[in-house]
Amino acid sequence: MVAMSVLRAAAAFAARLSPLKSGNTAANLLTRTIPRADQVAVRWGHGKKMFVIKPSDYYDRRFLRLLQYYILLTGIPVAVIVTCVNVFIGEAELAEIPEDYEPEHWEYYKHPISRWIARTFYDSPVKDYEKAMAAIQLEKEKADMRLAQMEVRRHMRQKGDGPWFQVQTLNKELIDYSPKSTPDN
């Protein structure tokens, strides 16, 4: 099976390298088909070309049309929204802050879209700080527990005490008390 495939490939390669044929190009050497000219045989030597075989570009054009459609489907509304925000709302301006007022974390941004993104999707720095402190506290508790466990193991080794010296006791439900209840039987 493999030998026939190799022989067929070698014969096709040798036929492609024939100096008598025209149209031996690098593209034709790599294909398994017979090299074809761009012209179709014309019947009886007159008239124009009747049918030229070329690869289909349907899927290429379809992909490009769909790409253009979806880019415009999202791009036009985004461009309209950004333009309206820039024209009607504009960027924030610096102003005096009252003494007892504490600004929210999104109020530090200049552009309204950045403010909206910070308010909607991002956590406040205070919340991020609290999450980091909670993670540090959990790790500290784990470290303390490991230290206590090492201390307990050290004491167990020093005193020769541990689970290996214990004997499992029987479950009290498994004890049969019936002969002791009536000793004369």
Tell me, with the steps shown, if K127 and E130 meet salt bridge (charged side-chain N to carboxylate O under 4.0 Å, His left out). CA-CA 5 Å; K127 188 174 180 181; E130 291 295 330; over 6 Å; no
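- Within a 6.0 Å sphere centred on CD of Q158, heavy atoms belonging to other residues, nucleotides or ligands number more than 12.
- Within a 6.0 Å radius of CZ in R154, other residues, nucleotides and ligands contribute more than 12 heavy atoms.
- Residue-environment remark: CD (E91) exceeds the threshold of 12 foreign heavy atoms within 6.0 Å.
- E102 contributes atom CD, which lies 11.0 Å from atom CG of D100 (distance to the nearest 0.5 angstrom).
- Put simply, the side chain of T74 gets close to the backbone of Y70: a donor and an acceptor are under 3.5 Å apart.
- At a threshold of 4.0 Å, the pair K142-E139 counts as salt-bridged, since one of the basic side-chain nitrogens sits closer than that to a carboxylate oxygen.
- Expressed to the nearest 0.5 Å, how far CD of Q149 lies from CG of D144 amounts to 12.5 Å.
- In the hydrophobic clustering of this structure, V85 groups with V78; members are Ile, Leu, Val, Met, Phe, Trp, Tyr whose side-chain heavy atoms approach within less than 4.5 Å, directly or through other members.
- Counting heavy-atom neighbours within 6.0 Å of M150 CE, excluding the residue itself, gives a total of 12 or less.
- Judged by distance alone, the side chains of E96 and Y101 never bring a donor and an acceptor atom under 3.5 Å apart.
- From L67, atom CG reaches atom CG of L72 across 9.0 Å, with rounding to the nearest 0.5 Å.
- Nearest heavy atom pair, residue P112 against residue G90, reads CG-O, 3.1 Å.
- Atoms OG1 and CZ, from T83 and F88 in turn, are 10.0 Å apart once rounded to the nearest 0.5 Å.
- Judged by distance alone, the side chain of H105 and the main-chain N or O of R119 form no donor-acceptor pair under 3.5 Å.
- With sequence neighbours excluded, no residue forms a side chain to side chain donor-acceptor pair (under 3.5 Å) with W106.
- Contacts of L64 classified as side-chain contact (heavy atoms from CB on, under 4.5 Å), with partners at least two apart in sequence or in another chain: none.
- Each of Y109, Y122, F121 was compared with W116 under the ring pair (Phe, Tyr, Trp, His ring centres under 6.0 Å) criterion, and only F121 meets it.
- With rounding to the nearest 0.5 angstrom, the CD1 atom of I113 is 6.0 Å from the CG atom of N86.
- Interatomic distance, D128 CG to M133 CE, rounded to the nearest 0.5 Å: 11.5 Å.
- Heavy-atom neighbours of L94 CG from other residues, nucleotides or ligands within 6.0 Å: at or below the threshold of 12.
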